[in-house]
Amino acid sequence: AQTQAKLQIMMQYIHDNYSGQITLDDIAGTVLICKSSVLNIFRIYLHTSPINYVVEYRLKRASKLLVDTENSVCTIAHETDSKSCTALHR
């Protein structure tokens, strides 16, 4: 239960900060554990790495913004920290 609580805190950190740069150190720092523990927790509970989780979350947010807003692809790319407008066009 304690590990799942830490996972929820890490996920919330990602959700709150997805539009900026997020490092493994940042994620580990939210629950005061080492990077290898973060990697293990994500692998065990979510079957992915923390960085892949961040990428997938950004893509989901971008997809939702494309549907729900009139914002341009480039604006949404910037808001979701995508590296370029063309990345979202694919």
Side-chain angles (χ1 to χ4, degrees):
Q2 186 178 17
T3 302
Q4 290 176 333
K6 287 181 180 182
L7 177 60
Q8 289 298 319
I9 292 167
M10 292 186 285
M11 290 169 61
Q12 189 60 52
Y13 174 80
I14 292 167
H15 298 175
D16 291 344
N17 297 282
Y18 74 93
S19 63
Q21 182 180 0
I22 298 175
T23 66
L24 189 55
D25 283 324
D26 296 333
I27 296 167
T30 63
V31 290
L32 306 174
I33 60 176
C34 67
K35 294 186 283 188
S36 63
S37 292
V38 173
L39 292 169
N40 285 334
I41 290 169
F42 271 77
R43 181 177 46 78
I44 291 167
Y45 289 96
L46 301 178
H47 309 289
T48 192
S49 71
I51 301 310
N52 283 342
Y53 182 84
V54 171
V55 170
E56 288 295 321
Y57 186 77
R58 285 177 175 154
L59 288 172
K60 286 178 188 171
R61 290 293 302 149
S63 181
K64 183 166 175 39
L65 289 170
L66 285 168
V67 170
D68 294 347
T69 71
E70 297 293 324
N71 294 346
S72 71
V73 171
C74 288
T75 299
I76 291 170
H78 177 73
E79 289 175 13
T80 58
D81 196 43
S82 297
K83 299 303 177 209
S84 70
C85 298
T86 56
L88 286 182
H89 280 293
R90 294 183 192 159

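The first residue of the sequence shown is numbered 1, and numbering continues consecutively from there.
Hydrophobic clustering (ILVMFWY, side-chain heavy atoms < 4.5 Å, transitive): Leu46 and Val31 are in one cluster. Grouping the Ile, Leu, Val, Met, Phe, Trp and Tyr side chains by contacts below 4.5 angstrom, directly or via other members, places Tyr13 with Leu39.
Counting all heavy atoms, side chain and backbone alike, Asn52 lies closest to Ser49 at N-OG, 3.1 Å. Of all heavy-atom pairs between Arg58 and Tyr18, the closest is NE-O, 2.6 Å. Nearest heavy atom pair, residue Thr30 against residue Ile27, reads OG1-O, 2.6 Å. Considering all non-hydrogen atoms of both residues, Ile22 and Ile51 come closest at O-CD1, 4.4 Å. Across Gln21 and Asp26, no two heavy atoms sit closer than the pair O-OD2, 3.9 Å.
Residues Glu56 and Thr48 are not in side-chain contact: their nearest non-hydrogen atoms beyond the backbone lie 4.5 Å or more apart. Between Met10 and Phe42 the shortest side-chain heavy-atom distance falls below 4.5 Å. Here the side chains of Met11 and Tyr57 are not in contact, with every heavy-atom distance at 4.5 Å or above.
No donor-acceptor pair under 3.5 Å is formed between the side chain of Asn40 and the backbone N or O of Ser37.
In this structure, CD on Gln8 lies 11.0 Å from OH on Tyr45, to the nearest 0.5 angstrom. The line from CD1 of Ile44 to OG1 of Thr3 is 8.0 Å long, rounded to the nearest 0.5 Å. With rounding to the nearest 0.5 Å, the separation of CG in Leu65 from OG in Ser72 is 11.0 Å.
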